[in-house]
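First the structure, in the form of structure tokens, and then the observations on it.
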Amino acid sequence: MSSLTLDAPAKVNLYLRVLGRREDGYHVLDSLFHTVGLYDRITLSASASGPTLTCSDPSLAGPGNLALSAAHHLADAAGRAPDVDIHLEKAIPTGAGLGGGSSDAATVLTGLNRLWGLGWPRERLAEIGAALGSDVPFFVYGGAAVIGGRGEFVTPVPDMAGRWCVLLNPGVGVSTAAVFSAYARESTAELLTERRSAPIITPASTVPGTIPEGDWMNDLEPVACRMVPEVGHALDALRNAGGKGARMSGSGTTVFCLAPTREAADGVRERLAAAPGWNVWVVPLTAAEAAVPVHD
Ligand code: C5P
């Protein structure tokens with residue numbers, strides 16, 4: 001096998017709670033992640049002159065791209081040359097709260113694990129992923145998972161494949177670091193301390209449904225709406241179109257709602273008064289098994 005093409009899925013955060021702030025500045029989260037059927041496509045080709053990266057959006061093909069870092073980190077851990085060319089076809093918007101860059105990095109780890117015949121377990125790949133970015137360990141697993149810590153604790157839970165999701169991106173991005181730092185600035189020390197004293201991951205919180213679906217929310221949403229007013233406008237538009245439980249994904253800027261069927265999701269999309277420059281996708285929630293190679 002000298003080449004491999006894989007789909008790297010986006011995610012939504014069905015709920016996201018910030019439990020506290022660690023000494024190193026990272027926030028401790030309790031979040032239910034779910035992969036959805038919106039994909040970047042990654043081709044990995046063995047190449048003695050690697051690693052190289054090309055991308056459908058050339059502005060993302062710089063040395064700081066997480067997909068390239070993933071190849072370097074895995075090669076270092078395996079004690080071998082990072083002899084691979086990576087081509088990335090982007091469909092997931094960046095700065096969107098959909099985890100595109102993290103998913104690309106995780107897909108490079110799982111893809112090279114195959115291409116290089118390493119046969120490493122997911123746990124080991126997730127550990128390498130944690131050094132690349134907080135969301136990378138989740139994408140090594142995919143499907144549905146409750147996330148703890150800054151993202152390094154991944155507890156897979158039964159997925160909700162079969163349900164549908166309307167994603168609405170208002171055409172502007174936001175930096176995750178900027179949203180978290182504004183959140184920290186706007187939170188009182190007491191709030192963060194009080195939440196930190198709560199158990200970080202209780203056994204109960206790893207059971208899906210512990211937070212009833214009607215109470216799912218995103219603690220970062222108010223601050224993101226203040227920083228990027230379009231997020232609030234997009235939420236209003238989704239709710240006005242009948243999107244039940246509409247909320248933001250991750251640190252924004254994408255907002256979403258769930259629907260029981262594709263027809264119901266299409267109905268929301270049809271009623272949506274989208275402003276120019278907004279993007280809408282109707283996608284299924286996906287199982288972990290969906291993250292398989294497109295072809296060898
Ligand atoms: O880990 P990652 O590089 O994706 O995170 C980007 C930034 O978001 C971090 O530098 C940090 O400021 C913030 N962050 C955080 N708590 C998390 C995840 C990210 O404060 N759990």
Side-chain angles (χ1 to χ4, degrees), residues 11-33 63-66 68-70 72-74 76-77 94-106 109 122-141 145-157 173-207 210-211 216-228 231 247-253:
K11 58 84 176 164
V12 291
N13 298 84
L14 295 175
Y15 69 77
L16 189 156
R17 297 191 57 229
V18 181
L19 300 182
R21 192 158 189 248
R22 306 192 320 195
E23 300 301 321
D24 63 5
Y26 278 97
H27 291 77
V28 178
L29 306 180
D30 171 20
S31 182
L32 177 55
F33 280 54
N65 189 295
L66 276 189
L68 203 53
S69 308
H72 280 293
H73 278 238
L74 189 66
D76 285 351
T94 54
L98 296 174
S102 304
S103 184
D104 296 344
L109 293 177
R122 282 182 203 273
E123 291 75 14
R124 192 160 176 194
L125 300 177
E127 243 170 64
I128 294 170
L132 294 163
S134 302
D135 288 352
V136 180
F138 162 72
F139 282 109
V140 169
Y141 294 87
V146 173
I147 299 305
R150 66 172 260 252
E152 69 273 38
F153 301 120
V154 179
T155 305
V157 297
V174 71
S175 137
T176 298
V179 173
F180 272 109
S181 74
Y183 178 87
R185 262 198 317 276
E186 293 184 18
S187 304
T188 62
E190 292 75 20
L191 175 72
L192 288 176
T193 311
E194 188 185 310
R195 290 220 186 166
R196 194 190 289 140
S197 67
I200 287 174
I201 313 177
T202 61
S205 77
T206 63
V207 178
T210 301
I211 299 182
W216 286 353
M217 45 94 79
N218 182 335
D219 282 346
L220 299 175
E221 192 178 291
V223 69
C225 286
R226 279 194 288 280
M227 291 171 70
V228 185
V231 174
R247 63 202 166 275
M248 190 177 81
S249 181
S251 54
T253 54

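Computed over heavy atoms, backbone and side chain alike; hydrogens, waters and symmetry mates excluded. Everything quoted here is computed from the prediction, not taken from an experiment.
Partners of Ser102 according to the side-chain hydrogen bond (donor to acceptor under 3.5 Å, both in side chains) rule, which considers only residues two or more places apart in sequence or in another chain, do not exist here. Take Ala145 and apply the side chain to side chain contact (heavy atoms under 4.5 Å, CB included) test, not counting sequence neighbours, and it matches Phe138, Ile147, Val154. For Ala131, the side chain to side chain contact (heavy atoms under 4.5 Å, CB included) criterion is met by His73, not counting sequence neighbours. Evaluation of the side chain to side chain contact (heavy atoms under 4.5 Å, CB included) rule for Ala106 yields Val136, Phe139, Val140 as partners, not counting sequence neighbours. Applying the salt bridge (charged side-chain N to carboxylate O under 4.0 Å, His left out) test to Glu127 and every residue at least two apart in sequence or in another chain returns nothing. With sequence neighbours left out, the side-chain hydrogen bond (donor to acceptor under 3.5 Å, both in side chains) criterion links Ser31 to Asn13. When the side chain to side chain contact (heavy atoms under 4.5 Å, CB included) test is applied to Arg150, the partners found at least two apart in sequence or on another chain are Arg22, Tyr26, Ser134, Glu152. The salt bridge (charged side-chain N to carboxylate O under 4.0 Å, His left out) test applied to Arg124 returns no partner, not counting sequence neighbours.
Side-chain contact check for Ile128 versus Leu74: some heavy-atom pair is nearer than 4.5 Å. With a 4.5 Å cut-off on side-chain heavy atoms, Trp216 and Arg17 do not count as touching.
Distance check: Phe180 CZ to His27 NE2 gives 6.5 Å after rounding to the nearest 0.5 Å. Between the CG atom of Leu16 and the OG atom of Ser251 there is a distance of 8.5 Å, given to the nearest 0.5 Å. Taken to the nearest 0.5 Å, the CZ atom of Arg247 stands 8.5 Å off from the CG atom of Asn218. Taken from CG in Asp219 to OH in Tyr15, the straight-line distance is 11.5 Å, to the nearest 0.5 Å.
Sorted by first and then second residue, the salt bridge (charged side-chain N to carboxylate O under 4.0 Å, His left out) pairs involving residues 176-186 (not counting sequence neighbours) are Glu186-Arg226.
The two residues Thr253 and Gly173 come nearest to each other via the heavy atoms CG2-C, 3.8 Å. What you find for Gly64 and Ser69 is that their closest heavy atoms are O-OG, 4.4 Å.
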#### Entry: Thr176/Asp135 under side chain to side chain contact (heavy atoms under 4.5 Å, CB included): CA gap, chis, key distance, verdict
CA-CA 11 Å; Thr176 298; Asp135 288 352; over 6 Å; no
### Task
Please test Leu32 against Val157 for side chain to side chain contact (heavy atoms under 4.5 Å, CB included), starting from the C-alpha separation and ending with a verdict.
CA-CA 9 Å; Leu32 177 55; Val157 297; 3.9 Å; yes
